[in-house]
Amino acid sequence: MAIVIKSPQEIEKMRRSGGVVRQVLDAMRDLVKAGVTTLDLERAAEEKIRELGAVPAFKGYHGYPCVLCTSVNEQVVHGIPSAERVLAPGDIVSIDCGVVMDGYYGDSAITVPVGEKISPRAKRLLQVTQASLEKAIQTVRPGATLGDIGAAVQEVVESEGFSVVRDFVGHGIGTRMHEDPQVPNYGQRGVGTKLREGMVLAIEPMVNAGKPGVQVLSDGWTAVSEDGSLSAHFEHTVAVVADGAMVLT
Ligand code: CO
């Protein structure tokens, strides 16, 4: 399917749904501590989303049961919130949230440490994954390519000895959560679809501390690293504008 170009008015609407996602994730970051369950996060997020006048985007999407994905430690993405999953000191938890408001979607994710004392390796993984997203966003401007985005992520991640997950990718976003193009977190500079003003992309590096392989658990959703290594995920919804990138989340 063709890539949908958004007008400045549409990007303004997406900035509003993105703002809701931002507020939800900020609230989640404050809630995360040892003893809290991932279902506690889910409940608080749903209340916040509705209070802000938006509708959760994930709940019911291909049958997904919740408003958040909460992926702990070796879980890469799409972990299902649960009363059984009690966050423990030293865990890392990836929290992914999407909403729709006034017909437009916003999608973002953060990975948060539980407590002050996570391992140095876990801390580095969070820093590097976030830095890879920032580096990717810095490449965004009209005329840059999808390969520039992927290469930027890959260079940051691999120079630290971590690996880029290849089985999941970012995506275009607009009046649907997933639009064309796919946005891989690997690639070659100068290669691939050229970015144009008005494209809106969800850029979302998923990074394993060990090998890149993932597998999906028997719940049909939770993706874990095949080697059991820690995994982190950061995501922003980003518009391509005349002078570069506008982060909407
Ligand atoms: Co996404």
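Just so it is clear, the structure is predicted and the values come from calculations on it, not from any experiment. Ligands are counted one by one from 1 in listed order, and the atoms in each one are counted from 1 as well. Residue numbers start at 1 and run along the sequence shown.
- With the Co ion (ligand 1) at the apex, H171 NE2 and E204 OE2 define an angle of roughly 80° (rounded to 10 degrees).
- Under a 3.5 Å cut-off, the side chain of D107 and the backbone N or O of A202 do not form any donor-acceptor pair.
- Put simply, the side chain of R121 gets close to the backbone of A209: a donor and an acceptor are under 3.5 Å apart.
- With respect to D102 and K13, a salt bridge is recorded, a charged nitrogen being found less than 4.0 Å from a carboxylate O.
- Looking only at its N/O/S atoms, D107 has OD2 as the one nearest to the Co ion (ligand 1).
- Taking 2.8 Å as the threshold, E235 counts as a candidate ligand of the Co ion (ligand 1), since one of its N, O or S atoms lies below it.
- Taking 2.8 Å as the criterion, H178 does not count as a coordinating residue of the Co ion (ligand 1), since none of its N, O or S atoms falls below it.
- No donor-acceptor distance shorter than 3.5 angstrom exists from the side chain of E226 to the backbone of Q215, with no hydrogens or angles considered.
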